Amino acid sequence: MNSLVLLILIIAGGALLSYFGHKINKILGNITVFAVALIIPIYWFTQVDFTETVSFTVSGFHMELGYNMYGKLFSMIVMILSPLALIYAIGYMKDQKKLATFYFSFLFSILGMTGILMSRDFVSLFIFWEIMTWSSYLLVIFLGKDVQKTGIKYMVFSAIGAYAMLMAIVIIYKNTGSMMLSDYFGSFAGFTLQTKLLTGILLLLGFAVKSAVMPLHVWAPGAYSNTPMAYTSVFSGALSKMGIYGLGFVVVNLFAQANLEIVGYVLAWMGAITAVLATFSAVFQHDAKKLLAYSSIAQLGYIVTGIGIGTELSIMAGLYLAVLHAAFKGVLFMVVGAVERQAGTTDMNVVSGLARKMPFTFFTALIAIIALAGIPPLGGFVGKWMLYESLINNSNFLMVIMIFLSSTAAFLYCFKFLFGLFLGQQEPEFDHVKEASPVMIIPMLLLSVFLLVTGAYPGIVFKYVAEGMTNLGFHDVNWQMSVLTNAWGDSVNVQHVYLSVVVVFVAFLIFITWRGYKHSTKISTKDISSSGEMIKPEDNMTYAMDFYKPFQRVLQPILKWKINKYYEDFGKGLEALFDFMRRIYTGNGQTYAVYVIIFLAILLIFSKSIFGY
Amino acid sequence: MVITDPVYFIALPLLTAFLLPLFGKIYKPLIGIIPGLVFAFLAYISFDLYLNLVPGKPIIIQMAGWAPPWGINLVFSEFSGLIVTLITFLAFLVWVYSYNFKKVGFDNSKKYFTLLMLMVAGSIGVVLTGDIFNMFVFLEITAIYSYGLTAFYKGRDSAEAAFKYLLLGSLSSVFILLAILLLYKQVGTLNMADIAVKAQSIDPKMKSIIAILFFVGLGIEAEMFPMNGWVPDAYSQAPGPVAASFAGMLAKSGIYALIRVFYTVLEVKGVFDLLLIMGLLTIIFAEFSAMRQKHLRRMLAYSSIGQMGLIMVAFSFNTKAGIFAGLFLMFNHAIIKTLLFLSSGFLTYSTKQKKIRDLDGFGKIMPFTSLMFGLGAFAIVGLPPFSGFWGKLNMLVATADSNLYFVIALILLVAVVEIVYYFKVIGRLYFRQQHKDVEVHNPTWNAILAMSILAIVIIGVGIYPDLITDYLTKATNELFDKAGYIHSVLPNLSLN
Amino acid sequence: MSENKLNKEQLLLDLLKKKFILNESAVRRAKRVEVKVDPKEIIPVLLYAKENSRYISFAHMSCVDWIEDGEFEVVYILWNPEDKINLFVKTRISRDNGVLPNIDFIWRQANTYEREIREMFGIQFEGLVGRQEFILEDWEHMPPMRRDFDTAEFVKKTYFKRPGREDAKDVREFVQERTDEELPDFAKKYSRD
Amino acid sequence: MEGIGYKILGAVLTTILAFVVGMFYGGFSRKIIARIQNRVGPPVWQNFLDVLKLLFKKTSVRYGLMHHFAPLWMITMSITTLMFVPVLNDGLFFSNLNFSGDIIFLLYIMVFGSLGMALGAGSTGNPNSAIGVSRGLTQMVGFEIPWVMALVALMIQYKTTSVTGLMEVQSQSGTWLMFSSPFAFIAALLAMPGMFRYSPFDIVGAPAELASGPISEFGGKYLSTMMTSGSIFAFVKLTLYVDLFMGGASNLIVLVLKTFTLYMYPVLWGAVSARFRTEQSVRYFWGWPTFFGFIALIYAAF
Amino acid sequence: MYNDKESQKIVDIIQNYARKHSLFILAYGTGCGAIEIPPTMTSRYDAERFGIRGSATPRQADVLLITGYLATKSLKRVIKVYEQMQDPKYVIGFGSCTINGGMYWDSYNTINVLDKYLPVDVYINGCMPRPEAVIAGFVKLQKLIQQGKADGWDIYKKNIDEYKANQKKIITNWVMPDFNF
């Protein structure tokens, strides 16, 4: 039995098992989910043989499944993040209803993702893409909160993306006669410019919707924040990477070879604009979920820019950031989920001062935020550095400024996220909050350990990225375990950075705590220097409302026009058109008869032109 | 053992339809059982005949001994055989579904089953007949009994719907009769094969008039754009199983007639482009107005018109791939639309005004029916693991072959609209709190049986579409070579 | 000149006499009219003064402790910017838990005065909005401005005195020694003998 | 062994040098500002005394781990930045770890400390410090843009992203970068006061309005560590400016001279200007300095 | 770093020298004397040449200036601020109101002798002393620090309960956290 088919059967079987497990009773369901969450990665890492392929023909279309290195890189993200998210989900979804459908669609979306990464031809790619879409749709509307708006918006956008891809597939099939990806890549040069652009752009459209590039990102904030947090970490961590996977092989394999770099360049620009605008809107959110949703759109913007540029260093940066983004975004959404479960709400105007009560969650959130912001000791910096170096090396300097503006503004919402949820005043109404259950903490800790390690040894990720890039046409990708080099020969030894930061930190830690720590007394946050005024425990001294008001005043002209406005008007226009169409069917027989007569008359008059005599 | 003869298809239902009241006198539940037996027998015959059909040699039966050019003959070839098997299979399932149809008292079921049997006989007749006038007669039979079935419930709306259907149906029969008369005057014969041979000799002017008349007449039956006003009312006012049979059989026979006329009988050059334009218009108007529907059944009716439009577009390519895709879509539409109508039958039966808004939270109260409806919706929209996807894929491949890129874009855009309104209903079914006072009518065991058979067929074809693809290719080849048809019907006629 | 000077004040006084029952009324001097009214007449008089005779600005409100008569006298001082005349409206209420109507709906600032009088004298005003505590925080003793509150005694009891300098003389005596000016007799009474 | 031991000794010496020079710069600036305000002003070594006194404070207050770590992030940042900025051109002694310190790395390490300190300030719970931090970060977005434009312009023009690389370019071509790419220098210069948070942009730690903003809850040892890191960071920034635009310094005296003259610019401008509100400062930074930044970029690109 | 008598003395000298030359005044003016501080700090009298600088919060301050009469209400705040200051802290009483009540000697809600409630290191006489007097006060304080005699904070800690008793006598509704150093 071919290992790939077995993998698919395991995941599908796991989904069904956990569905019926949860239908029977909760504990059995949780056990099955836990077992499935362990079996899938173990099987993938040990048994799956990455060279063999399995193929079968269905109604005249030849379908083939098989791993290539590029797919292996992305399925590593899926295989690491989703089991952890599943284990986290056991803790997170403890007292929710309808768990059966939740786990069923969760595992089916994993099936969809692994399928996409394995499929070597367009039909199976499209099939798994659709499975992934509708299973994630079921989860977007799982909590039933304003199903109408976010659910339908998500479905429409993914449908548009999927059907654009289907159109491209059909046209490719007509031109190349076969559905295989390799044939398409091979014969891409032979197409006429018009079909080249048509098929390429349509494929790009399909993938860009999933990776939330600016004009098509409207579904992302709603979808990311309404889904249960356990799934959002996979949703934004792994699912959006499918879009990146697709962008990767389209932009790099096709357009680069067929010297159409202009498409990649435009895509990079769209990525940069996405990064800036998404960061600006992330800064002013007061709900932690929305903030993270916009921030993951911004991070995807970086990755898209990286891939769009197309030089070896920038693609390496893009793919490296993709891996990192999956890790720290996964942790951050798990953190928000833990806070939501323990403190009841994630609205930063309400919650404050959970650091002391949820120390582990705060620690992992801190690590993830440092990685997200790209600050030196941790892995995020490596990705950012490579991105900047690649941009500067082929001197498109305006984009560097855009990316830098968005990453500096990213510090704002990084601080706001940590301060809003964890630091600030310790309010009495949150005294009851306890640390999240260990089932939720362990996945978070594992991922943050991964982030810490990549800080010093980014090589462990570079290995797989380099392998992946061989499929994209970059054969000898030079990377060292912990020294980053750019085209002009400058290099940063990340280990030195790590070493000096740790050494200096420990030195001064000893200096400050020596003899001082014992004397100092622990103070509650109510005993602050408030010019002598007596602060009673119930006085709310938290500062959270309108956190970056001055920045908002500066950005007023930019933030005025909102992209949703255009979509709403477009939607209303469509509604009016549909209403007009419906009026055709007036509902009384006579008009229908008149229609028939008129139609007949028209045909008779124009019979000369229609039938040619 | 029993000689399998296509004549039974028509004779047996007609005979038993009128004997039903007698059986009813002898033993009351017999009324429910007899139609079942008949349909089962018909289904058995059609399967048996179809399976051991030798390609290239369809079964030709002369009625009452007259040779073809004069007598009426029945043609049971791959193409017509496929449709007949489809119709009998669906008829049997509709019978299983509405076996002890609760709302129908003792006397109604008598009327209901007779009308149903006659309609089935008529639609099989349309498909089998080789004689143009005979086809007109069978069209009339199906039309009349469908008026009866639409007006089955005593309410004001069903009467009005039936009247609308009657009005348009009579218009269509007038046009078809006129076309046949003109044709007879030109060609002198009524046998399709014979007309096909003599068609070239008609002078073009007259030929175009005949084509237009046929186009409009059969267009009404095949729910083409300007003429399908009756469809939403008829489908929504008729009882659940009847609407399903309409979608499954009536529409199929209408399309079959249109194809038979324009593919084999009349060879008219420009008709296919017209068919393409009309098909696209049908899709656009139907799907867009389906978007704004409040009633579940009307929405399904509009969506079924949309599917018919898609089939017309498929056939309008006049290429082998186009026909193959059209047949696949016809098969899909028949199966999935029947499942949707059957499951929506019970859903709307529990709501007061059949509105989509009342369907909130039905996922919990009627789990099986809403699961079936969800499955049907996923299939009709074309999501992968179900048969709808392969149909749509082949359809798109066919359109790409005749490189009509804007048609692909249009079809996919309309598919997005379709996704929106189907998923709105699913969203309501599963992810909303249900309203307070809802009395639940859970489906009876036979309804569950019928629906699950359909579901199994959908999933089966979805996972492994090769089950039916080779039958479809055989039917395509048969339809495509006109000469083969003529030769088999008139073996001794030397092609002059 | 002084004669016509008073007619505006007299005019006002007659007007008020006609309209209300005035216990006492007199034109004290140029630009000052005094009127004494019962507590329940206060609001009508003030409203009338404000609306009709344009006494629109509420200058001051104070309270006098007539401990001998056992009454508080509350004085409302209004000012007419055109005629430049001060109208004094006085009322008398009993010293122990007297109640007066609240007039901050006529003038908003009266609220502050009323709160101060309530805290310092203990007069209650119906429907007075605002915290009980106004200037003194956690004050449990008798309202301090009342004349029967012995401040010197209170200070001696609560606060400490820095020892030494008991012989401190009044600075005026000190000045007298140095510059041998005669100490004014009213000061003699207070010198610490 | 000789290399490592030497390097560590060099590193420690550079830190001490930076600390002493930074402190004296602080003293000088207070003296000069005092002189401008027509008053005598404290002795030049006043900062040392302040730090010493704070160190000898007996009791200290603790709000939790993050509060305790805040000054540590600051001092780590400034010393690590010091490690990666070449202090003397070829000075054997003060070469410290300065492998070719990459500019982008320096940009990011500079933010590391302030973000850590922001978290510490946030954990104290004092609303003033939270407001101070939010204003500080907003201002940072403001002044980072022209500063980065200047740096990118340099990098593109001279095709190197390392400080030592730029220094070599200057030593070979003989002309300081100040003259060969003037617009980049102007943009960087205009962005400098924002970086030092001196008077026009000192709303972050406004003593009256925000009770000294983020550091309002830090006393005793914490405050002394912050003051030391502040002075070291000032020195580091100045040496960075000198390395980038004035061709680095061959020996100490030249270094001190150059850095001091450069230092006078934000101090003097600060002494005479009022305080900008946050959005005013961001609008200012995105006004003229960014305009010069764009010119520098265009100049560098062609 | 053995801390026998000898080395302790050296450390004390350095400590006192540092403390003497860098005094951080808490910007917390209570009575009418607060208006005297700006002239002492600005150009004409320039207290900064002595190393005296303002500081915004009690955590960073050394010197607490009680500049004028202290109502019981503001005494409560002053005590909380005093206790928030870090340890070697000094109090300077401005003007006669802190010495013996000044002209509010017989008022019912101002305290007369500051000494009873807070350990005062230096009193500056005058019904609001001029900046010269203020600087003289500061110099006096620096001399005291030099000699190690300015240990008001130590006295406060040693007989804390006596101070607390006095304070609680006039502050009835005590809502402050107890002394936490």
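Letters A, B, ... mirror the listed sequences (proteins, then strands); counts begin at 1. None of these values were measured; they are calculated from a predicted model.
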(request) State the CG-CD distance between B/L167 and A/Q590, to the nearest 0.5 angstrom. (result) 6.5 Å

(message) I need the residue from A/F580, A/Y173, A/F56, A/F61 with the largest number of non-hydrogen atom pairs under 4.5 Å to chain B.
(response) A/F61

(request) Counting only heavy atoms closer than 4.5 Å, note whether B/E160 contacts chain A via side chain, backbone, both or neither. (result) side chain

(request) In plain terms, say whether A/K174 and B/D401 are close enough for a salt bridge, that is, a side-chain N and a carboxylate O under 4.0 Å apart. (result) no

(message) Taking side chain as everything from C-beta outward and backbone as N, CA, C, O, which of these in B/M206 sits under 4.5 Å from a heavy atom of chain A? Side chain, backbone, both or neither.
(response) neither

(request) Tell me, for B/A290 versus chain A, whether the close heavy atoms (under 4.5 Å) come from the side chain, the backbone, both or neither. (result) neither

(message) Only pairs of heavy atoms separated by less than 4.5 Å count here; which of B/Q293, B/M227, B/R292, B/K392 has the most with chain A?
(response) B/R292

(request) Could you check whether the rings of B/F378 and A/W134 sit parallel, tilted or perpendicular, using 30° and 60° as the cut-offs? (result) perpendicular

(message) Report which part of B/F389 has an atom under 4.5 Å of a heavy atom belonging to chain A: side chain, backbone, both, or neither.
(response) side chain

(message) Using the rule given for side-chain contact (heavy atoms from CB on, under 4.5 Å), can you reason through B/I212 versus A/L600, listing the C-alpha separation, both sets of side-chain angles and the distance that settles it, and then say yes or no?
(response) CA-CA 7 Å; B/I212 288 167; A/L600 184 70; 3.7 Å; yes

(request) Could you look at B/V381 and say if it's the side chain, the backbone, both or neither that has a heavy atom under 4.5 Å from chain A? (result) both

(request) Using non-hydrogen atoms and a 4.5 Å limit, figure out which bit of A/I597 sits close to chain B: side chain, backbone, both or neither. (result) side chain

(message) Among B/D273, B/T469, B/L383, which residue has the highest count of heavy-atom pairs closer than 4.5 Å to chain A?
(response) B/L383

(message) Is A/L138 in contact with chain B via its backbone, its side chain, both, or neither, using a 4.5 Å heavy-atom distance?
(response) both

(request) Indicate yes or no: at least one non-hydrogen side-chain atom of B/L274 is less than 4.5 angstrom from one of A/L603. (result) yes

(message) Using heavy-atom distances under 4.5 Å, tell me whether B/I220 contacts chain A through its side chain, its backbone, both, or neither.
(response) side chain

(request) Counting only heavy atoms closer than 4.5 Å, note whether A/L577 contacts chain B via side chain, backbone, both or neither. (result) side chain

(request) Side chain from CB out, backbone as N, CA, C, O: work out which of these in B/D233 comes under 4.5 Å of a heavy atom of chain A, or both, or neither. (result) side chain

(request) Quick one: which of B/L396, B/L166, B/T399, B/N394 has the most heavy-atom pairs under 4.5 Å with chain A, could you say? (result) B/L396

(request) Could you go through the side-chain contact (heavy atoms from CB on, under 4.5 Å) check for B/W390 and A/V123 one step at a time? (result) CA-CA 10 Å; B/W390 298 108; A/V123 175; 4.0 Å; yes

(request) Look up atom CD1 in B/I419 and atom CE in A/M155, then write down how far apart they are to the nearest 0.5 Å. (result) 4.5 Å

(request) Describe, in one word, how the ring planes of B/F215 and A/F599 are oriented to each other, choosing from parallel (under 30°), tilted (30 to 60°) and perpendicular (over 60°). (result) tilted

(request) Select one option (side chain, backbone, both, neither) describing which atoms of B/D203 are under 4.5 Å from chain A's heavy atoms. (result) neither

